[in-house]
Participant: 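Please see the structure below; I have some questions.
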Amino acid sequence: MHTVVVGTSGTTAEDVIAVARGNARIELSDDALTALAAARATVDALAAKPEPVYGVSTGFGALATRHIGHDLRTQLQRNIVRSHAAGMGPRVEREVVRALMFLRLKTVASGHTGVRPEVARTMADVLNAGITPVVHEYGSLGCSGDLAPLSHCALTLMGEGDAEGPDGTVRPAGELLTAHGIEPVELHEKEGLALLNGTDGMLGMLIMALADLRRLYTSADITAALTLEGLLGTDKVLAPELHAIRPHPGQAAAAANMSAVLKGSELTGHFQEEEAPRVQDAYSVRCAPQVAGAGRDTIAHAALVADRELAAAIDNPVVLPGGGPGAGRVESNGNFHGAPVAYVLDFLAVAAADLGSIAERRTDRLLDKNRSHGLPPFLADDAGVDSGLMIAQYTQAALVSEMKRLAVPASADSIPSSAMQEDHVSMGWSAARKLRTAVDNLARIIAVELYAATRAIELRRGLTPATASQAAIAALRAAGVDGPGPDRFLAPDLAATEAFVRDGRLIGAVESVTGPLA
């Protein structure tokens, strides 16, 4: 099994996905253990002093003015976890919780949180055992950390609350820890706060969304090319010299992908030979690289923000090193604010909505006999007796409409909390949650276009499609998605088509002919 080593200098997106989705094992590096011990020595030295230090010997948030004596500090740390584990709603997906826990461990291992090495080891042990805390949908404002979600994770470390075992059964966390030989932790000064204060949930969801969106954008380039073929459009608009004079890198990549798919097609370029020749293809076809390219560039910017956040240590307060053991200091800060991550989560939802919208317009064009240039109404086998893809397009349109609602930015909102101490929040968790829905919807929208485009190409009898198009159609049929026929076509298998897009088989089939696409 793949092993991810957690050190002091952050982690990579690939490692997050390996842990979240691939159940990779986790090890703490020697430098992380050394840094953990050094930061803890600073916290212990400050805890021994009579002066109050936020997070070490005080209450939290609006209650930070109360000094907490030595005899109550363990109870304080335990209580903050219990009181903050107030999430509600449906359970959050396992991969999100694993990413959340791993990214909190990443910050803990930086040596800036003051958490003891044994707490970090327990976090790694819980992940390696396949134990997943039960985390709920609602409870984070994206500021002062993803508080409720992280609190439910911290409860599991304490042997409290519920968690899912590796067999998928939800049980009391204490039972699961015992079954895997893991000792629950008793939290000391600052440790409860350090386990709750981070952008880990929204960052984990951003990283997984980026991976999914990269695949979907390449898939959308493929389906746009197939639609262009099905409509007998021109591929001249994809010429690299046209895109060089507007040098957005994503646009050039999208055009190159479409050109690669269409290479050798006999279907392209017939629009001047029709009875009513077209001067140009419609925007949804002709401008496909511009729209997909803008989304690709948004993905690149979001990935840059994610990489910076992956290198960060997000906590409040943080431990800064000093001149020797125990000589560091603990300083309050605002690095927990989720604005940088929240903004790009919202940007991606806008880009995904626009990509879904243009794909739906291309699908509708394929189905309309007045604009499809010789294709049967709704691509039906026997129009009137058979409604073809009429309602498949309704489904696609409903998904696009929801995508537009999901594109409304969460980060433009803020709602005060903690008696007005936390009076401006990022809503980044909410931005991440709606982006996950948007990504799921985008996969379905692309699947409908793929189903319609492949049907249209097969109806253009007498003309040979591009080799890459033939490979895509053959792979789709091999996956059990039936082609045209008087009975088979009556029930379009959109779920199987969605799976074909989502898991990368569409890209794999095309790349077997074209070589790697962008």
Side-chain angles (χ1 to χ4, degrees), residues 1-44 95 97-130 145-146 150 153-154 157 182 185 190-191 193-204 206-208 210-211 303-331 333 335-336 340-341:
M1 181 183 291
H2 178 61
T3 298
V4 172
V5 178
V6 181
T8 58
S9 57
T11 188
T12 66
E14 292 74 20
D15 283 346
V16 174
I17 292 172
V19 172
R21 292 177 167 173
N23 300 312
R25 281 193 63 80
I26 299 164
E27 292 181 3
L28 292 166
S29 69
D30 291 340
D31 68 320
L33 294 170
T34 300
L36 283 159
R40 187 65 209 178
T42 295
V43 171
D44 288 341
E95 65 177 23
V97 180
R98 286 184 62 81
L100 174 75
M101 293 179 67
F102 174 67
L103 287 167
R104 184 79 314 231
L105 176 59
K106 176 269 298 182
T107 282
V108 164
S110 71
H112 289 294
T113 67
V115 167
R116 290 168 296 145
E118 49 264 48
V119 176
R121 288 194 186 97
T122 302
M123 296 171 76
D125 289 344
V126 168
L127 282 164
N128 288 339
D146 289 322
L150 283 163
C153 294
L157 301 178
I182 301 171
V185 298
K190 194 183 177 305
E191 289 180 334
L193 188 60
L195 294 177
L196 313 185
N197 228 321
T199 57
D200 310 294
M202 62 184 94
L203 176 58
L206 170 61
I207 289 165
M208 289 185 284
L210 287 169
L304 177 63
V305 172
D307 286 343
R308 290 170 178 162
E309 198 77 352
L310 284 168
I314 306 296
D315 194 12
N316 180 49
V318 293
V319 180
L320 297 176
R329 67 188 198 273
V330 172
E331 297 284 358
N333 68 92
N335 285 343
F336 50 75
V341 181

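Please read these numbers as outputs of a predicted model, since none were measured by experiment.
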Participant: Test side-chain contact (heavy atoms from CB on, under 4.5 Å) on Asn23 and Arg98; report intermediate values, then the result.
Facilitator: CA-CA 9 Å; Asn23 300 312; Arg98 286 184 62 81; 3.6 Å; yes

Participant: Quick check on Glu27: does its CD atom have over 12 non-hydrogen neighbours (other residues, nucleotides or ligands) under 6.0 Å away?
Facilitator: no

Participant: Using every non-hydrogen atom in the two residues, find where Leu28 and Ala109 come nearest and quote the distance to one decimal.
Facilitator: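 Reported closest heavy-atom pair: CD2-CB, 4.3 Å.
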
Participant: Any idea which heavy atoms bring Leu210 and Ala303 closest together, and the distance?
Facilitator: CD1-CA, 3.7 Å

Participant: Mind checking whether Lys106 and Met123 have side chains closer than 4.5 Å, heavy atoms only?
Facilitator: no

Participant: Got a second to check how far Leu203's CG is from Met208's CE, nearest 0.5 Å?
Facilitator: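 Atom-to-atom, Leu203:CG and Met208:CE are 9.5 Å apart.
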
Participant: Do Leu150 and Asn197 have side-chain heavy atoms sitting under 4.5 Å apart?
Facilitator: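 No, too far: nothing below the 4.5 Å cut-off.
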
Participant: To the nearest 0.5 Å, tell me how far Thr3 OG1 sits from Arg25 CZ.
Facilitator: 6.5 Å

Participant: CG/Asp307 to OG1/Thr11 distance, rounded to the nearest 0.5 angstrom?
Facilitator: 10.5 Å

Participant: So do Thr42 and Pro321 actually touch side chain to side chain, heavy atoms under 4.5 Å?
Facilitator: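 They are not in side-chain contact.
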
Participant: Do you know which of Leu157, Leu105, Thr113 makes side chain to side chain contact (heavy atoms under 4.5 Å, CB included) with Leu195?
Facilitator: Leu157

Participant: Ignoring hydrogens, what is the shortest heavy-atom contact between Ala32 and Thr8? Give both atom names and the distance.
Facilitator: CA-CG2, 3.7 Å

Participant: Is any side-chain N of the basic residue among Arg121 and Asp125 closer than 4.0 Å to the acidic one's carboxylate O?
Facilitator: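 Looking at Asp125 together with Arg121, the answer is no, because their closest N to O distance does not fall below 4.0 Å.
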
Participant: Where do Leu103 and Gly204 come nearest, in terms of heavy atoms and distance?
Facilitator: CD1-N, 3.5 Å

Participant: The test is side-chain contact (heavy atoms from CB on, under 4.5 Å); show your working for Met101 and Val19 and say whether it passes.
Facilitator: CA-CA 10 Å; Met101 293 179 67; Val19 172; over 6 Å; no

Participant: If you look at every heavy atom in Phe102 and Val6, which pair is closest and at what distance?
Facilitator: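 What the structure gives for the nearest pair is CE1-CG2, 3.6 Å.
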
Participant: Between atom NE2 of His112 and atom CG of Leu36, what is the distance when rounded to the nearest 0.5 Å?
Facilitator: 11.0 Å

Participant: So do Asn335 and Asn316 actually touch side chain to side chain, heavy atoms under 4.5 Å?
Facilitator: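 The answer is no; the side chains never approach within 4.5 Å.
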
Participant: Answer yes or no: is there a donor N or O on one side and an acceptor on the other, between the side chain of Arg40 and the main chain of Val115, under 3.5 Å?
Facilitator: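 Flag not set: sc Arg40 to bb Val115 has no pair under 3.5 Å.
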
Participant: Could you work out, with salt bridge (Lys or Arg N to Asp or Glu O under 4.0 Å) as the rule, every residue matching Lys190, not counting sequence neighbours?
Facilitator: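 Applying salt bridge (Lys or Arg N to Asp or Glu O under 4.0 Å) to Lys190 gives Asp315.
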
Participant: Ile207 versus Leu310: any side-chain heavy-atom pair under 4.5 Å?
Facilitator: yes

Participant: Please answer whether the main-chain N or O of Ala194 pairs with a side-chain N or O of Arg104 as donor and acceptor at a distance below 3.5 Å.
Facilitator: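 Present.
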
Participant: Checking Met202 against Asp146 for the side-chain contact (heavy atoms from CB on, under 4.5 Å) test, could you report, in this order, the C-alpha distance in whole Å, the side-chain angles of both residues, the deciding distance, and whether it holds?
Facilitator: CA-CA 8 Å; Met202 62 184 94; Asp146 289 322; 3.4 Å; yes

Participant: So which atom in Ala306 and which in Leu206 form the shortest heavy-atom distance, rounded to 0.1 Å?
Facilitator: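 Nearest pair, atom of Ala306 first, then Leu206: CB-CD2, 3.8 Å.
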
Participant: Do the side chain of Asn128 and the main chain of Ile26 share a donor and acceptor less than 3.5 angstrom apart?
Facilitator: yes

Participant: Under the criterion side-chain contact (heavy atoms from CB on, under 4.5 Å), I'd like the reasoning laid out for Val119 against Val108: C-alpha separation, chi angles, the key distance, then a yes or no.
Facilitator: CA-CA 9 Å; Val119 176; Val108 164; 5.9 Å; no

